[in-house]
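One structure is given below, encoded as structure tokens.
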Amino acid sequence: MLRRGVLVGALILSVVAGGTPARSADPPEIPLTIENHRFTPEEIMVTAGTSFVLVITNKDATPEEFESHDLRIEKVIPAGKALRLRMPALKKGTYNFIGDFNQSTAKGRIIAE
Amino acid sequence: MGATFVVTLREAFEASLILGIVYAYLDRMGGRRYYGYVTLGAVVGFLASLALGVTVTLLSGPLVDLGPDLIGLAVIFGAAALLTWHGWWMRQHARQIKGDVQRRLEAALTARRLWVVGLIAFTGVFREGAETVLFLWGLMSQATDTGTWSNVLVGVAGIALAAGLGWAVFRSGRHVSLPRFFAITSVVLLLVAAGLFSTGVGRLQGIGWLPMSEPLWDTSHILNDHGFLGSLFGGLVGYRARPSTPEVVAYLAFVALAGLLVVGPGLARHRRALALAGKRSREHP
């Protein structure tokens, strides 16, 4: 048991790289709405290197899952609820996301520059 | 509709593959009477998925924002550890198996470890269970006419097919020799565990406990992880078209270190012992 704990601990330590990027005191809030199984807006512009908070409001009557492989996030947002997602400072680039429960219509991207 | 089928098929197969393997393990180890432990684990996993789905839907607040993430992480890392442990056992079994006589002894040993097998069944179902429950519930709430109801049926059909595939995995476990059964399932479970571990590391990045980093490579043109096959491999063994450095390091380190435990340097010795036993049994039938 101990050996396995040490093994897992060693593995985790071996992948932690560098320090955490500095966070601004008051990160900006960016609203994202889910309505009719679509994201609004479908394109979100953010400043690279600054963390922010994504406030996702699900106005549909059914749950949706905000999923982004690029951001490694999978969060279910129940019907009628709002979720505050603290996003880390992003490097320049485009980060795609989808609504996993309605993939044909719910998609968007965050562009950091 | 096709998308619905693919989603439920993929999510359910991640569970049914594991269930098929652990049922097959009990079957080969003379532990058929212990099937109930696996079934119990799976049922509890399903009930826990329902409970989590209901909780997330009804409650609000910071606990609900972070709670499911933490539960998810605990299940992911717990499952990786359990699968590795199980793979290590099977290696111990493989060393001792010389014939049917051993099977009765092995059944007794297996019985002592039933709680682990049950837990593996639980994590297998619970890992994606809450999501699938919410997905299907969403479909059912939207179902107002035959068109949308058929979508619900399609979703259920995906689960049914996944169960069938898991059953096929279980049955095929009987048609290979015992050493080969252990060899194949050990490798499969090791890859699944490595995928879980690196997914967990990725999630740590996602929730900000590990720093974000750029993708190490991009193989989307070879296998897109948003397509059917790509997301299937993603769910099963942790394939990512654009993996981050921590995810890659975690995967390789896990395969290397856990691989030592599960496959190990004893393999060469074991092969020689098996060859010797085979030679002896041919000389003295």
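In what follows, every chain begins at residue 1, and chains take the letters A, B, ... in the order their sequences are listed.
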Next item on the list: Could you tell me which portion of B:Leu252 (side chain, backbone, both or neither) has an atom closer than 4.5 angstrom to a non-hydrogen atom of chain A?
Entry: neither
Notebook entry, point to check: More than 12 non-hydrogen atoms from neighbouring residues, nucleotides or ligands closer than 6.0 Å to CZ on A:Phe52, yes or no?
Noted result: yes
Check: For B:Val56, is it the side chain, the backbone, both, or neither that has a heavy atom closer than 4.5 Å to a heavy atom of chain A?
Finding: both
Determine all donor-acceptor pairs shorter than 3.5 Å in which one atom belongs to a side chain in residues 87-95 of chain A; sequence neighbours excluded.
{"residue": "A:Tyr95", "atom": "OH", "partner": "A:Lys91", "partner atom": "N", "Å": "3.3"}
{"residue": "A:Tyr95", "atom": "OH", "partner": "A:Lys91", "partner atom": "O", "Å": "2.7"}

Next item on the list: Pick whichever of A:Gln103, A:Arg84, A:Lys81 has the most heavy-atom pairs under 4.5 Å with chain B.
Entry: A:Lys81
Notebook entry, point to check: Checking side-chain contact (heavy atoms from CB on, under 4.5 Å) against A:Val76, which of B:Val133, B:Thr57, B:Leu134 comes through?
Noted result: B:Leu134
Item checked: Least distance between heavy atoms, A:Asp100 atom then B:Glu131 atom -> OD2-OE1, 3.8 Å
Notebook entry, point to check: Do any pairs count as a salt bridge (charged side-chain N to carboxylate O under 4.0 Å, His left out) and have a residue in residues 193-222 of chain B, sequence neighbours left out, and if so which ones?
Noted result: A:Glu74-B:Arg203, B:Asp218-B:Arg242
Note to self: As an exercise, state the distance from CZ of A:Phe101 to OG1 of B:Thr132, rounded to the nearest 0.5 Å.
What the structure shows: 7.5 Å
Margin query: Going by the rule side chain to side chain donor-acceptor pair (under 3.5 Å), which residues pair with B:Ser231 if we only count those two or more places apart in sequence or in a different chain?
Written below: B:Arg10
Margin query: Does any backbone or side-chain atom of B:Leu58 lie under 4.5 Å from a heavy atom of chain A? Answer side chain, backbone, both or neither.
Written below: backbone
Checklist line | Per-residue contact mode, B:Ser244 against chain A (heavy atom under 4.5 angstrom) | finding: both
Check: Which region of B:Pro243, side chain (C-beta onward) or backbone (N, CA, C, O), has a non-hydrogen atom less than 4.5 Å from a non-hydrogen atom of chain A, or is it both or neither?
Finding: backbone
Checklist line | Part of A:Asp60 lying under 4.5 Å from any heavy atom of chain B | finding: neither
Checklist line | Spacing of B:Gln205 atom CD and A:Leu71 atom CG [to the nearest 0.5 Å] | finding: 10.5 Å
Margin query: As an exercise, state the distance from CG of A:Asn102 to CZ of B:Phe135, rounded to the nearest 0.5 Å.
Written below: 7.5 Å
Note to self: I'd like to know whether A:Arg72 forms a side-chain contact (heavy atoms from CB on, under 4.5 Å) with B:Thr199, so could you lay out the CA-CA distance, the side-chain angles of the two residues, the decisive distance to 0.1 Å, and finally the verdict.
What the structure shows: CA-CA 8 Å; A:Arg72 282 143 192 93; B:Thr199 299; over 6 Å; no
Margin query: Which heavy atom of B:Gly138 sits nearest to which heavy atom of A:Pro63, and what is that distance?
Written below: CA-CD, 3.8 Å
Note to self: Applying a heavy-atom distance below 4.5 Å, give me the residues of residues 123-130 of chain B that approach chain A, sorted by number.
What the structure shows: none
Check: Can you tell me how far CD1 of B:Ile207 sits from CG of A:Leu85, rounded to the nearest 0.5 angstrom?
Finding: 10.5 Å
Notebook entry, point to check: Considering only heavy atoms, which portion of B:Ala81 lies under 4.5 Å from any heavy atom of chain A: side chain, backbone, both, or neither?
Noted result: both
